[in-house]
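See structure below.
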Amino acid sequence: MDPSIAWLHPVWAFSLPIAASFPLGRLMARSLDVPGDRIGRGFDAIPMFLCRLIGKKTPARMDWKHYAFSLLTFNAALFVITFGLLYFQQSLPLNPDGKGSLATLGYKDAAGVQHDGADTAVIFNTVCSFVTNTNLQHYSGEQHLTYFSQLGSIVWLMFVTPAAGLCVMLATLRGLRGDKDMGDFHVDLMRGLTAVILPFCLILAVTLVGMGVPMTFHKAATATTVDGATTKVETQTIARGPVAALVAIKQAGTNGGGFFGPNSTHPFENPSPWSNLLSIFAIVALPMASIVMAGSMLRDRKHALVIYGVMLSLLVTGCVIAILAEVKPSAATAGLPVASGPNMEGTEVRFGPVAAATWASVTTATSSGSVNSMHDSLNPLAGLVPMAMMMLNVAFSGVGAGFENMLMYIIVAVFIAGLMVGRTPEYLGKKVEAKEVKLAMLALLVHPLLICAGAAIFAATGWKAFVANPGPHGFSEILYEFTSAAANNGSGFEGLADNNPPWNIATGIVLLLGRFPALIFPLAVAGFLSSKKRVPQTGGTLRTDNLTFAGMLLGTVILVGALSFMPAVVLGPVADQLAAVKP
Amino acid sequence: MSLDIDEIPTVGRTASEARGFKLQRRQTRKLNLFEPALVKMAARRSFVMLNPSVMARNPVMFLVEIGWFLTSIVVVQSIVNHANTGLIVYQSALSFLLLLTVLFANFAEALAEARGKAQADSLRQTRADTPALKLDSADALDGQTVSSTRLRSGDLVAIEAGQVIPADGEVVRGVASVDESAITGESAPVIREAGGDHSGVTGGTRVLSDRIVIRVTAEPGQSFLDKMIALVEGASRQKTPNEIALTIVLAAFSIIFLIVTASLYPMARYFDLTLDIPTLIALLVCLIPTTIGALLAAIGIAGMDRALAANIIAKSGKSVEVAGDIDTLLLDKTGTITIGNRRATQFVPLGGANPREVARLSGLASMADPTPEGKSILDLANRQSAVDGEAPQGSTFIEFTAQNRMSGVDLPDGSRIRKGAPDTLARYVQEQGGTIPEGYQANVDAIASGGATPLAVAEGNRILGVIKLEDILKPGISERFARLRQMGLRVVMVTGDNPLTAKAIAQQAGVDDFIAQATPEAKLAYIRKEQEGGKLVAMMGDGTNDAPALAQADIGVAMNSGTQAAKEAGNMVDLDSDPTKLIEVVEIGKQLLMTRGALTTFSIANDLAKYFAVIPALFIVTLPELKVIDLMGLATRGGAYSAILAAVIFNAIIIPMLIPIALKGVTYRPVGAGALLRRNLLWYGLGGVIAPFIGIKLIDVALDPLLALVGIA
């Protein structure tokens, strides 16, 4: 590929969503943050009509505890229902290929012995994964799920979980703004689904179908192979199904779980460079737009721009590093009599290494986790970028969840910077005190705890036998899996044999702990702040809407991230890279 | 131990000289940073503080102490197991360095406490036991002599000239001049009298003239000084809200690093490497924010000390902190914005009067006028050479009384000269059958609207002219207000003047707002209004009628000369009774918070370099390729002990090196929040990233040959 053209893909992949995020964000603010006199009028008539169907005439006025309780009960219900649906999928409709219960999947243990039969751990893992908007997949969709499971469990969760994240963000923003109540979770959920996510996905899905993505309820196609005589394979089964619907929400809702095991490397999910570009757009557009929405709702666009800028600079830096590392030849080919070129191992030839590296950074910066190349095969330093993005977990991240994560860093940055200007720290006119700081630090602490403790346990015990490679690369596989789970990302480093009870249970727990504290702590902080008296801004107030604060925030994110994860990263990808280039 | 309270000659000083001395005093009362006696005391105390129950108050340093304990156990184990000498030396060195880190932290706190104690001791000297003449009633002439320590609140005590006032109290009978130099360092005597706003007396000060009867207002051990001494000695020191929040941040960072280092051991097992436990503890101690953890208590105590050094008694540490958050300052016009009193600046002749004659007669009329205004009229007349200093023989001076409302002189030649308020004098002249000259009212109004006070002069039934009395702004006051505005403070001038005059002076001085014809109620209402808008207000007051406003204000500074009620209501007392002190109070508060923020940033920023030193050293055997990330190129002899020790040594010695900053505070400049943040980020953030790279490298260079000597190779 001509290198000068190769850069076009990432440039468009960034400029399109950035350009779209501003009008989109304002539109979101308008349709999601509906003032009292506009409730049920205009477009809002649709979500309010749906709310009436579930017996809710007017939005409730929830405080943060009530709101968090609604979120948790809703998610608990999702958990139970989805578990049931997957367990009994063989008896449910839309199963033309006659697939069995997901519990009968079976697994290989550390010694490589196959265990057939009932294993509910994989269902536990799958449900945790989709309830938390993560989509870490230890199963393979086209082989193990019925169409009903794909649509009724997977796609359904793909819609409601990003909407739930968005709801928490809405409530948080109302709290920060100083509203008396934080809104109504159920009404917010309805609005998020009908006003934002559904229309966005509808457009995406139709466009994807136009690009060649299948959308059908027919069973897998059977084709007669061209060279059947020589290969002894006369026929080939080609899996298909309602792919476009799933792919649209998979990208738009920072979900990432593919219809097919190979995810967006599969030509039915991602047929061409155009669909690749559209996918990247869809992955990052809503997370970006949600920050713009925050600016509108807080009536402080400059502050939102600071947050946006910090997130974007992290993402762009990561992307550039990944691309530069990925266009270098793989160290494995050094000295071999092959043409020297960019690293093509695990890369789709249809997209090439630049698009692969771009996607890898975007999908991990946001909490999407869909892949168009195998992250395991990236050059070690390029593989470090996805890991770093998930460790920081604030470069746009999940729909709604990204702002919640960043808020915790903002509180810490505001606290330290506030002291440095000689005042009791304030954020958006509210004093930041022990209670808020405690929750923010707790939220920041959970992330390294889940990743480091998880990786440590699996690295030191017999469970390390599940890795595919020896040395630092194998360690990277373990580290990546826990990072992906804790960041609710869902991408896999692959190589790792992760469908077995130890991994299913461990990552399942990490998924839950990575999701709910990260949503509820910021919500509580906003709840505490909302009841405080607003302090007027003076020349002595720390401003949170200028370049200085952007620098402070960026520094806090990088420093806290670097300090928390540097030893683990050094043992994994850094050692991997250094070992590879060893003379 | 010497406190260097300078001896100031007392007699014949003008107000400006007194201020000069005051500044000088504040300089000299400051102690040397490392006063040998205090250092010795603090060093001893740092060992006492190793007691775990004391250490547990500071989670970060407590963690280091536990680390030291564990390391020591490993050392003993190594000796018992006959490990190789190099390892034993290395582990012992680590153990010693961890102990040293804890001791340095204790030393910083103890030194700050010792300095506070020294300040307090100098004040306590005034608390010496003195005999007191206790009366049964205020009018009794004689009573019984008791020890001052046995005086209870409400007791009446008589004090004669030359005696020391035995306790804090309020004058109920008589008037006396009192020497308060023992507590304020200001040796000019002050007047204390019953009834007025200057009725408060402080125990330990000396009555110079006359006899007064006071009602004791403090229980033994409960006086202001006692409270403050307890506060600076740390006995009653409680953590302030900001300090609690910061402790949480530091503890959380410590937990994060505990997770990181603890998980490193099992992670290393993946590479079949067993990490040395003392080395991991060393890494942990390097990473947790020991620098700020060690200095946090010292910074808080030093803040109180600085307030004390400025002769301010804060009733709690919290109030010093709140001072930094103040948005609105209520400043009295007189003494703060303007120099004490009005001065005559111009004679305006009217009705064809000779200008020289107006000056001469005004001067003559003021010869016996003891008020500062009167003196300034005489001064001005003198400067215009209109009077020669003496009134003619046989002149009769008319004093200002509430009845005649004017003053003047009857000369032997029969002319009767009077001066007074323009309307009073106009009525006086008209009663005598005289007329008001043309332009009189216009001139009077012009002077008043310019912020000055008009005073009319008449001879007989003829008005000669008007004297312009002007408020003189303190030099540099408007620049000072401009700086305050940059700090984000609003300055409000409080004055008894009419709105017209007040407005003019407010404009000249550049204050943001003013309260004219201020009554205590008006002040209270203003404070409430500001607070409703979320602002924090500071004010200073002395009178009993100021008490509600002082109590309402977020920072109420009562003047020591003020009434007991005012002192009770405020949360600080200014021993100097200096109205400009409010500005200083705000700066001390801001400096306190800034120092905490800056050193926290420095402490965390340091960690980056320590990683680059310790991580390659940890894996030097199994993953030698990691040597590449050792940016400092540290020595790798043996187990790269030098690199690890260098990081730990840097971590320890940075604590005493930063004690001066902790105690003196980060320099505060009134430049606005943005500029302050940029400056502190540059110095303590970027500086904090770079400094350890240099420091650790230097220590490593020095250390490596030493290690070679003891056989680590």
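Numbers restart at 1 for each chain; the letters A, B, ... are given by sequence-line order, proteins then strands.
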Evaluate A:M420 against B:M594 for side-chain contact (heavy atoms from CB on, under 4.5 Å), listing each step before the verdict.
CA-CA 4 Å; A:M420 273 199 283; B:M594 271 172 55; 5.6 Å; no
Is there a side-chain contact (heavy atoms from CB on, under 4.5 Å) between A:I416 and A:M552? Walk through the geometry before answering.
CA-CA 9 Å; A:I416 294 175; A:M552 177 78 202; 4.1 Å; yes
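With a threshold of 4.5 angstrom between heavy atoms, B:L626 approaches chain A through its backbone and through its side chain. Looking at A:K438, the atoms closer than 4.5 Å to chain B (heavy atoms on both sides) sit in the backbone and in the side chain alike. Residue contact with chain A, scored on non-hydrogen atoms closer than 4.5 Å, is absent for B:E530. Interface residue A:L559: only side-chain heavy atoms are found under 4.5 Å from chain B. Within the 4.5 angstrom heavy-atom criterion, only side-chain atoms of B:I629, from C-beta onward, approach chain A. Only the backbone of A:T541 comes within less than 4.5 Å of a heavy atom in chain B; its side chain stays farther off. Of the atoms belonging to B:L489, not a single heavy atom falls under 4.5 Å from chain A. For A:R534, the part lying under 4.5 angstrom from a heavy atom of chain B is the backbone only. Using a 4.5 Å cut-off between heavy atoms, A:K435 makes no contact with chain B at all. Both the backbone and the side chain of A:A568 have a heavy atom closer than 4.5 Å to some heavy atom of chain B.
A donor-acceptor contact closer than 3.5 angstrom links the side chains of B:N651 and B:T290.
For A:F493 and A:H473, the gap between ring centers is short of 6.0 Å. Centroid-to-centroid, the aromatic rings of B:F271 and A:F475 come within less than 6.0 Å.
With chain B as partner, the option from A:L449, A:V560, A:L444 having the largest number of non-hydrogen pairs under 4.5 angstrom is A:L449. Chain B forms more heavy-atom pairs under 4.5 Å with one residue of A:V437, A:T548, A:V535 than with any other, namely A:T548. Taking chain A as the reference chain and counting heavy-atom pairs below 4.5 Å, the highest number among B:V249, B:L264, B:I244 is found for B:V249. Counting heavy-atom pairs closer than 4.5 Å to chain B, the top-ranked of the candidates A:G474, A:G540, A:G555 is A:G540. Ranked by heavy-atom pairs under 4.5 Å with chain A, the list B:Y668, B:Y684, B:Y265, B:F619 is led by B:F619.
The backbone N or O of A:F549 lies less than 3.5 Å from a partner atom in the side chain of A:N546, making a donor-acceptor pair.
Within the 4.5 Å cutoff, the side chain of A:L563 has heavy atoms near those of the B:Y611 side chain.
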